[in-house]
J.: 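Sharing a structure with you now.
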Amino acid sequence: MGAGTSPADPASAGREADGPDSAAEGGSTATGNTQADGGAEAGRPANGSEAGEPGGEAAAPRRSRRFPLFTRDTARPEGGGRAAPGDAPAPARQWPLLTVLCTAGAGLLIVALDPFAEAFRIGTILIGAALIAGAVLRWVVPSVGMLAVRSRFTDLVTYGLMGTLIVLLALVAQPKPWLDVPILEDAVRFTIR
């Protein structure tokens with residue numbers, strides 16, 4: 001199977017399920033056959049008989065202008081291939097995504113259960129660290145599976161920026177922030193007056 005094909009795709013059995021692309025690929029329209037046969041009029045069969053006559057061929061149905069049911073030509077994101085060989089089980093092939101999801105899930109669980117005094121802050125930092133780890137994995141590992149959503153640059157910026165902002169917000173959260181930023185206090189005093 002080539003890229004973009006699926007065993008569940010009816011297009012692999014016959015192209016007529018797709019709509020507009022099927023007629024173009026096979027060249028089965030009336031105009032496509034007549035032009036290839038050497039200059040017969042467009043819309044008329046090449047053998048000279050009318051479409052309605054018993055000896056003539058029926059004209060091919062008109063191509064639909066609708067979009068195909070299945071998209072076959074969508075390109076994968078850069079680095080969007082498998083992270084492990086194809087014969088490995090599914091979780092092993094998607095280990096970068098599972099690493100990020102499990103770390104973020106552990107952070108959410110810590111925030112939800114609130115098992116210790118600073119659970120909110122620790123859990124939120126863990127969620128931000130998971131996104132930063134996703135950015136690092138996207139940068140370092142050449143093939144990261146489903147962790148690749150957009151281009152490598154866009155994924156790096158998105159994961160890294162959001163992870164950094166979440167960690168910084170967790171560090172400056174009240175009460176008793178772990179990171180003291182004087183300009184934030186001035187901004188709060190200025191806006192409250």
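Hydrogens, waters and symmetry mates play no part in the numbers below; they use all other heavy atoms, side chains included. Note that this is a predicted model, so its numbers are computed, not measured.
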J.: Could you tell me which non-hydrogen atom of V141 sits nearest to which non-hydrogen atom of R152, and how far apart they are?
T.: O-NH2, 3.8 Å
J.: Donor-acceptor pair, R93 side chain versus G145 backbone, under 3.5 Å?
T.: no
J.: Go through the steps for I166 and L131 under the test side-chain contact (heavy atoms from CB on, under 4.5 Å), then give the verdict.
T.: CA-CA 9 Å; I166 289 172; L131 288 172; 3.7 Å; yes
J.: Can you name the closest pair of heavy atoms from A130 and A104 and give their distance?
T.: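 Taking every non-hydrogen atom into account, CB-N, 3.6 Å.
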J.: Excluding sequence neighbours, so at least two apart, what forms side-chain contact (heavy atoms from CB on, under 4.5 Å) with L109?
T.: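 Only L113 meet the side-chain contact (heavy atoms from CB on, under 4.5 Å) criterion with L109.
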J.: In Å, rounded to the nearest 0.5 Å, how long is the span from CD1 of I110 to CZ of F116?
T.: 5.0 Å
J.: Are the side chains of V167 and I132 in touch, meaning some heavy atoms are under 4.5 Å apart?
T.: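 The answer is yes; the side chains approach within 4.5 Å.
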J.: Got a second to check how far D180's CG is from L171's CG, nearest 0.5 Å?
T.: 12.0 Å
J.: Run the side-chain contact (heavy atoms from CB on, under 4.5 Å) test on W95 and V144 for me, step by step, so that the C-alpha distance in whole Å, both residues' side-chain angles and the decisive distance to 0.1 Å come before the verdict.
T.: CA-CA 8 Å; W95 69 267; V144 291; over 6 Å; no
J.: Group every Ile, Leu, Val, Met, Phe, Trp and Tyr by side-chain heavy-atom contacts under 4.5 Å, then state whether M146 and L101 land in the same group.
T.: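 Cluster IDs for M146 and L101 match.
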J.: Look only at the side chain of T103 and the backbone of T99, and say whether a donor-acceptor pair between them is shorter than 3.5 Å.
T.: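 Side chain of T103 to backbone of T99: a pair is present.
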J.: Between L156 and L161, is there a shared hydrophobic cluster once you connect ILVMFWY residues whose side-chain heavy atoms come closer than 4.5 Å?
T.: no
J.: What residues form a side-chain contact (heavy atoms from CB on, under 4.5 Å) with L108, not counting sequence neighbours?
T.: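 Partners of L108 under the side-chain contact (heavy atoms from CB on, under 4.5 Å) test: I127.
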J.: When you measure from the side chain of D155 to the backbone of V149, do you find a donor-acceptor pair of N or O atoms at a distance under 3.5 Å?
T.: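 Side chain of D155 to backbone of V149: a pair is present.
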J.: Report yes or no: do L169 and I125 belong to one cluster of Ile/Leu/Val/Met/Phe/Trp/Tyr joined by side chain heavy-atom distances under 4.5 Å?
T.: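 No; tracing contacts between hydrophobic side chains, which count when under 4.5 Å, never links both residues.
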J.: At what distance, to the nearest 0.5 angstrom, does CZ of R138 lie from CG of L147?
T.: 7.0 Å
J.: For A173 and F120, which heavy atoms make the closest approach, and how far apart are they?
T.: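 Closest heavy-atom pair between A173 and F120: CB-CE2, 4.3 Å.
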J.: Could I get the full list of side-chain contact (heavy atoms from CB on, under 4.5 Å) partners for L168, not counting sequence neighbours?
T.: T164, L179
J.: Consider only side-chain heavy atoms of I, L, V, M, F, W and Y, link residues closer than 4.5 Å, and tell whether V111 and L126 are in one cluster.
T.: no
